[in-house]
Protein chains: 2
Amino acid sequence: MTTPATHRPRRADALSRERIVEAAIEILDRSGEQALTVRALTSHLSTGRGAIYYRVAGMDDLLAAAADEVIRAVTDRAAGDGDPDSALRSLSLGIFDAIDAHPWVGSQLAREPLQPAVLRIWKCIGVQLWELGVRGSATADAGGALANYIFGSAAQFAAGARRARNQAERRRYLDALATAWTEQDAGHIVREAAAELRDHDDRHQFLAGVDIFLSGIKARAK
Amino acid sequence: MTTPATHRPRRADALSRERIVEAAIEILDRSGEQALTVRALTSHLSTGRGAIYYRVAGMDDLLAAAADEVIRAVTDRAAGDGDPDSALRSLSLGIFDAIDAHPWVGSQLAREPLQPAVLRIWKCIGVQLWELGVRGSATADAGGALANYIFGSAAQFAAGARRARNQAERRRYLDALATAWTEQDAGHIVREAAAELRDHDDRHQFLAGVDIFLSGIKARAK
DNA sequence: ACCTGAACACCGTTCAAGT
DNA sequence: ACCTGAACACCGTTCAAGT
């Protein structure tokens with residue numbers, strides 16, 4: 001009865017920052033953002049609550065590390081992709097798809113400008129803009145425009161994807177909204193916009209925005 | 001000793017949704033986002049915790065209502081502003097300044113696509129795009145591009161403004177980052193971008209982004 | 001109809017104690 | 001060096017009871 005090997009064995013293999021981040025991603029993917037609690041994480045790793053804090057500064061650090069893990073895969077892939085135009089497009093699409101698969105990344109990207117994942121994206125964009133011939137202060141202007149567009153879209157789509165389980169509810173809401181706008185404003189200006197709002201495809205619209213941005217860069221470069 | 005008029009008088013004036021939202025804005029402005037708790041709010045209004053839930057669905061509803069209050073002032077002002085180009089520019093600037101004054105609005109805008117403040121901005125943009133001559137599905141594409149750029153920038157600047165009290169820390173961080181990038185990549189491509197990142201002015205860069213999108217929209221309209 | 005405040009079911013983080 | 005888990009100081013929300 002006093003043998004030290006009991007039903008709850010002390011961890012055989014050592015914990016590591018990587019294992020913790022990996023477990024966090026699993027929980028986030030399976031059950032969403034508000035399911036990632038220290039308690040859920042430590043029980044998933046079958047360890048004590050405090051153990052995490054030995055490897056990770058806190059919840060913010062953990063979330064940032066998890067997002068960086070997902071984003072790194074995207075930026076690494078987009079690195080050597082032919083002409084800068086299509087490299088920027090495929091980087092954008094990669095991020096979009098990553099958020100589609102991991103909605104929590106979308107909210108996380110908008111949360112903190114100096115987190116690793118955000119800086120990674122900035123850097124990736126900066127390199128391609130150079131290839132595009134953008135120089136000097138125009139680099140920060142153009143990079144900020146594209147990056148912030150991506151972050152804004154990411155957050156909005158993430159919220160949509162989070163709610164996608166009951167897509168019927170979303171549909172109902174947008175329908176109601178379109179009706180409300182139509183009744184409020186006599187003009188067909190708003191009515192048309194409301195119809196578009198209801199019927200658009202996220203992915204297609206996201207890419208259209210990237211193209212608008214690229215057109216803008218080139219128009220101003222002349 | 002049994003008189004009902006004691007040291008804690010039951011509220012003389014009735015609570016109202018407006019009063020609650022107003023109090024929430026005060027707390028958010030003075031002490032930031034994480035200071036807005038039900039406890040802080042009810043003690044500020046000197047009422048019981050549950051009283052709020054009679055007028056407001058919960059914390060999400062309250063935050064959305066507070067943001068809408070701030071944004072409405074901006075969109076109302078931008079409504080009749082000459083040509084659509086400068087109307088869109090002054091709308092954007094109005095939002096930027098509002099976030100500068102109320103950083104919590106920036107984070108809130110990125111949180112939920114179907115909240116009143118977001119829809120208000122969408123609508124405002126949509127009307128101006130029509131004036132610009134944008135029609136059909138291009139409306140949603142262009143509107144989404146500009147709106148999501150604004151939301152993304154809003155969130156990033158909000159985080160910056162939140163941290164602005166110790167601007168020295170931000171400076172130090174960006175310096176360190178620029179150095180790290182410079183050492184990591186031999187090329188001056190990254191070095192230049194890093195320098196720009198450190199020295200840029202938020203407001204100016206934000207406006208440059210708006211112009212890039214406007215240029216893009218016009219280039220594609222032809 | 002509207003408000004009160006105790007009760008409930010949670011959080012993240014710290015830290016003395018263990019191995 | 002690394003882990004454990006109780007303790008601490010909080011949360012948002014509900015709801016029976018009051019006025």
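To find a chain, count down the sequence lines: A is the first, B the second, and so on, and within it residues start at 1. Computed from a predicted structure; not experimentally measured. We use all heavy atoms of the structure for the numbers below, so side chains are in, but hydrogens, waters and symmetry mates are not.
Between C/dC2 and D/dA16, the distance separating the two C1' atoms is 15 Å to the nearest Å. Between C/dC8 and D/dC10, the distance separating the two C1' atoms is 15 Å to the nearest Å.
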* List the steps, then state whether salt bridge (charged side-chain N to carboxylate O under 4.0 Å, His left out) holds for A/Arg55 with A/Asp61. => CA-CA 10 Å; A/Arg55 312 280 186 175; A/Asp61 183 30; over 6 Å; no
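With a cut-off of 3.5 Å on both Watson-Crick or G-U wobble distances, the partner of C/dC10 is given as none. Here C/dA16 sits opposite D/dT4 as a Watson-Crick or G-U wobble pair (both hydrogen-bonding atom distances under 3.5 Å).
To the nearest angstrom, C1' of D/dC8 lies 13 Å from CZ of A/Arg49. Atoms CD1 (A/Ile20) and P (C/dT13) sit 13 Å apart, rounded to a whole Å. Between B/Ile27 atom CD1 and D/dG12 atom P the separation is 11 Å, expressed in whole Å. The distance from atom CZ of A/Arg19 to atom C1' of D/dC3 is 14 Å, rounded to the nearest whole Å. With rounding to whole Å, A/Leu62 atom CG is found 10 Å from C/dG12 atom P. Rounded to whole Å, atom P of C/dC2 lies 16 Å from atom CG of B/Leu45.
An OP1 or OP2 oxygen of D/dC3 is reached within less than 4.0 angstrom by a side-chain nitrogen or oxygen of A/Arg55.
Remark: A/His204 NE2 is loosely packed, at most 12 non-hydrogen atoms of other residues, nucleotides or ligands lying under 6.0 Å away. The neighbour count for B/Asp60 CG, taken as heavy atoms of other residues, nucleotides or ligands under 6.0 Å away, does not exceed 12.
Map B/Ser16 and A/Gly50 each onto its nearest nucleotide of DNA chain C; the residue landing nearer the 5' end is B/Ser16. In terms of position on DNA chain C, the residue among A/Leu36 and B/Arg39 whose nearest nucleotide sits closer to the 5' end is B/Arg39.
Comparing D/dT13, C/dG12, D/dG5 against the side chain of B/Tyr53 picks out D/dT13 as the nearest. Of all nucleotides listed (C/dC3, D/dA7, D/dG12), D/dG12 comes nearest to the side chain of B/Met59. For A/Tyr54, the side-chain atoms get nearest to D/dC2 when compared with the rest of D/dG12, D/dC2, C/dA1. Closest to the A/Ala51 side chain, of the nucleotides D/dC3, D/dG12, C/dT13, is D/dC3. Between D/dG12, C/dG5, C/dC3, one nucleotide has an atom nearer to the side chain of B/Thr37 than all others, and that is D/dG12.
Here the side chain of A/Gln115 pairs a donor or acceptor atom with the backbone of A/Glu112 at under 3.5 angstrom.
A/Leu63 has its side chain within reach of A/Leu36: a pair of non-hydrogen atoms, C-beta onward, lies under 4.5 Å apart.
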